[in-house]
Protein chains: 2
Amino acid sequence: MKFQNIKRSTISHQVAETVRDAIVSGAYVPGDPLPTERALADEFGINRSSVREALRQLESWGLVEIRHGAGARVSDFLSTAGLQLLPFLLAPGGRLDPKLLFDLLELRVELLGFTAGHAANRADPPAIQELAACLGRLEAATDVEDVQVLDYAFFQQLVVMSGNRVLALLSNAIARVYLENRALFSMMYVGGLDTGPHRRTLEAVGQGDATGARAAMAEYGASALGRLR
Amino acid sequence: MKFQNIKRSTISHQVAETVRDAIVSGAYVPGDPLPTERALADEFGINRSSVREALRQLESWGLVEIRHGAGARVSDFLSTAGLQLLPFLLAPGGRLDPKLLFDLLELRVELLGFTAGHAANRADPPAIQELAACLGRLEAATDVEDVQVLDYAFFQQLVVMSGNRVLALLSNAIARVYLENRALFSMMYVGGLDTGPHRRTLEAVGQGDATGARAAMAEYGASALGRLR
DNA sequence: TGTCATAATTGGTCGGACCACCGGGCCACC
DNA sequence: GGTGGCCCGGTGGTCCGACCAATTATGACA
């Protein structure tokens with residue numbers, strides 16, 4: 001039994017999360033005015049400073065727009081927010097949005113291929129060795145949760161090898177989706193993981209075969225996508 | 001003559017931007033402790049509340065990690081932050097990072113293809129008509145800045161047509177890169193824009209030809225990438 | 001030398017005050 | 001009828017000073 005990290009949370013974080021969930025779950029519609037800072041402070045029974053800190057957070061998530069003297073409004077976050085919202089949009093109020101998950105995995109297929117292809121182009125021996133080690137650890141794992149983590153580590157190593165920092169940032173954002181909704185993705189791993197595509201990817205990357213690596217990784221992504229239906 | 005919107009800024013935003021730039025430009029290295037809230041307030045000559053609001057923002061950008069009683073440390077943002085940092089990483093301290101721009105455009109090629117392909121699969125007549133209108137406006141424009149905006153609008157319409165909401169969030173993030181560094185990308189448009197790929201994309205999307213649409217849009221992205229060298 | 005209570009440091013929360021800005025209503029003026 | 005000036009209540013922005021809570025440094029003691 002491993003203990004979870006105890007998450008200590010500040011009041012402002014809790015408020016931000018509460019209001020954030022209210023917004024993404026549709027309790028507030030884009031354009032709606034938020035209660036005033038003083039009203040929120042009253043409602044939550046906390047100080048206005050804490051509310052303000054929470055609002056700053058909501059603002060930087062792209063969820064609300066604050067105007068001096070005129071209050072805060074819920075913004076049209078689907079056209080202003082970035083991927084940092086995805087973890088919370090995926091299962092608002094505990095209810096999974098299957099279409100959104102499908103969209104994510106669909107895009108992931110593309111990114112997996114892109115990543116593997118560029119990793120093959122730019123790989124150097126030590127990195128390839130590290131990738132092989134990742135694969136070894138993955139194949140040795142039995143616990144579902146470990147498999148999940150190590151599978152992601154394999155992909156992460158490919159991202160590093162690709163040398164594309166924009167891709168790295170993008171993959172950070174996607175990693176958060178996994179972390180926030182770990183249970184959601186565990187279904188992709190029940191009944192064991194076929195590491196065949198991983199092995200073929202490793203081989204192709206080792207030979208600098210970008211086309212092969214891309215195909216192998218895309219195949220893996222597509223199979224995960226297929227398992228969703 | 002159109003007047004620009006006057007942008008009013010709060011103190012906390014200014015502080016957040018200042019510290020953010022100091023971090024991404026390397027003045028602080030990941031792991032470094034930030035000055036204490038009280039010290040920052042003194043240094044900037046402002047109140048501690050404003051500093052705290054700024055720190056919340058930096059925290060939600062993934063740039064710093066705050067621990068009760070122990071101060072704030074700069075986090076290893078390249079492995080924790082998401083795409084929302086990209087606009088500022090691209091030209092820290094006014095100096096362009098050409099490799100990062102290359103990485104972005106390289107990834108963009110992939111995304112353009114993905115977007116066009118899926119748009120072709122899911123397009124309906126009114127959306128296609130709107131896409132045609134986008135192309136019309138683009139070809140009618142003469143001002144470089146207008147071309148830049150309308151070129152992006154064409155892509156944005158493809159994103160909408162693809163029906164992939166994750167892609168939409170991703171493209172929001174990338175849009176911010178354009179907006180924050182508009183001048184940087186204007187070079188891609190000097191000497192006019194060849195709208196041939198756009199026209200071929202429109203045609204392919206209209207016929208539901210995913211492969212053709214993907215190829216046309218990828219070609220366009222690759223040409224932009226080539227112009228960078 | 002190692003341990004542990006304690007003090008100092010630092011972030012978290014609070015209450016209250018005042019300023020800056022927005023929106024709407026009102027009114028004089030053209 | 002329309003325009004601009006003016007005022008006023010509501011709301012966000014900033015400040016101050018105080019105290020609480022967690023961490024870290026300190027130093028006495030065994």
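Predicted model only: the values in this text are computed from it and were never measured. Numbered from 1 within each chain, the chains take letters A, B, ... in sequence-line order.
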Does anything in residues 169-189 of chain B pair up under salt bridge (charged side-chain N to carboxylate O under 4.0 Å, His left out), and if so which pairs, sequence neighbours excluded?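 The answer is B:E145-B:R182.
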Can you name the side-chain hydrogen bond (donor to acceptor under 3.5 Å, both in side chains) partners of B:N47, sequence neighbours left out?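 Scan of B:N47 (side-chain hydrogen bond (donor to acceptor under 3.5 Å, both in side chains), adjacent residues dropped) gives B:S49.
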With B for base contact, S for sugar-phosphate-only contact and - for none (protein heavy atoms under 4.0 Å), nucleotides 8-18 of chain D reads --BBBBBBB-B
With sequence neighbours excluded, residues passing ring pair (Phe, Tyr, Trp, His ring centres under 6.0 Å) with [X]:
X	value
B:F44	none
B:H13	none
A:Y152	A:F155, A:Y178
B:F154	B:H198

Side-chain donor-acceptor distances from residues 89-102 of chain B under 3.5 Å, at least two apart:
from: B:D97; atom 1: OD1; to: A:R165; atom 2: NH2; distance (Å): 3.4
from: B:D97; atom 1: OD1; to: B:K99; atom 2: N; distance (Å): 3.3
from: B:D97; atom 1: OD1; to: B:L100; atom 2: N; distance (Å): 3.2
from: B:D97; atom 1: OD2; to: A:R165; atom 2: NH1; distance (Å): 3.2
from: B:D97; atom 1: OD2; to: A:R165; atom 2: NH2; distance (Å): 2.9
from: B:K99; atom 1: NZ; to: A:G163; atom 2: O; distance (Å): 2.8
from: B:K99; atom 1: NZ; to: B:D103; atom 2: OD1; distance (Å): 2.8
from: B:K99; atom 1: NZ; to: B:D103; atom 2: OD2; distance (Å): 2.8

Taking heavy atoms of chain A and a 4.0 Å limit, find me the 5'-most and 3'-most nucleotide of DNA chain C within that range.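 First-to-last contact on DNA chain C, by the 4.0 Å heavy-atom rule, is C:dG12 to C:dG23.
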